[in-house]
Visitor: 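Structure in structure tokens, see below.
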Amino acid sequence: QVQLVESGGGLVQAGGSLRLSCAASGRTFGSATMGWFRQAPGKEREFVARISWSGDFTYYTDSVKGRFTVSRDNAKNTVYLQMNSLKPEDTAVYYCAAGPSWSGHATTYNYWGQGTQVTVSS
């Protein structure tokens, strides 16, 4: 069982930065792939980034490559999403998720946080 709690969302101007954190509880965190997803109003939830259990491998959706960085600290049971050069189209509720496999499909993630709102003003 893994419980996830996101934090760090907020309102920022275009071009600004935010760092999201996702604190996890549960013994399986260290072996889980951690993913970040987002859902904008009226849109489906979409994959943003993921990181392997070791932190050695990361993957990003094209729209955030070069701007977002996912990282994890297994000693602190926390995964991060550093978001730079934010754009209004990045506005969404951001969710972290944990799953057993290396996948960007939301259905493969077993555990989800409650989400944190990110709003980017133009």
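If you read the sequence from its start, that first residue is 1, and numbering goes on from there.
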Visitor: Side chains of Q13 and L86: does their closest heavy-atom pair fall under 4.5 Å?
Guide: no
Visitor: Under 4.0 Å between a Lys/Arg side-chain N and an Asp/Glu carboxylate O for D90 and K87?
Guide: no
Visitor: Is NZ or CZ of R72 both nearer than 6.0 Å to the six-membered ring centre of F29 and within 45° of the ring axis?
Guide: yes
Visitor: Is any side-chain heavy atom of V79 closer than 4.5 Å to a side-chain heavy atom of W36?
Guide: yes
Visitor: Nearest 0.5 Å, please: how far is CE in M34 from CG in N77?
Guide: 9.5 Å
Visitor: Apart from Y80 itself, what residues make up its hydrophobic cluster when side-chain heavy atoms of I, L, V, M, F, W and Y under 4.5 Å apart count as a link, directly or indirectly?
Guide: none
Visitor: In Å, rounded to the nearest 0.5 Å, how long is the span from OG of S7 to OH of Y94?
Guide: 15.0 Å
Visitor: Tell me if the NZ atom of K65 is crowded by more than 12 foreign heavy atoms within 6.0 Å.
Guide: yes
Visitor: Report yes or no: does Q82 contribute a side-chain atom to a donor-acceptor pair with the main-chain N or O of R19 at less than 3.5 Å?
Guide: no
Visitor: Measure up the Y95 and W112 rings against each other and bin them: parallel (under 30°), tilted (30 to 60°), perpendicular (over 60°).
Guide: perpendicular
Visitor: Determine whether more than 12 heavy atoms belonging to other residues, nucleotides or ligands lie under 6.0 Å from atom CD of Q114.
Guide: yes
Visitor: With a 3.5 Å cut-off and sequence neighbours excluded, list the donor-acceptor pairs that the side chains of residues 96-106 form with protein atoms.
Guide:
residue : atom : partner : partner atom : Å
S103    : OG   : H105    : N            : 2.9
S103    : OG   : T108    : OG1          : 3.3

Visitor: How far apart are the C-alpha atoms of T33 and F57, what are their side-chain angles, what is the distance that settles it, and do they pass the side-chain contact (heavy atoms from CB on, under 4.5 Å) test?
Guide: CA-CA 10 Å; T33 293; F57 301 100; over 6 Å; no
Visitor: How about M83 and L20: do any of their side-chain heavy atoms sit closer than 4.5 Å?
Guide: yes
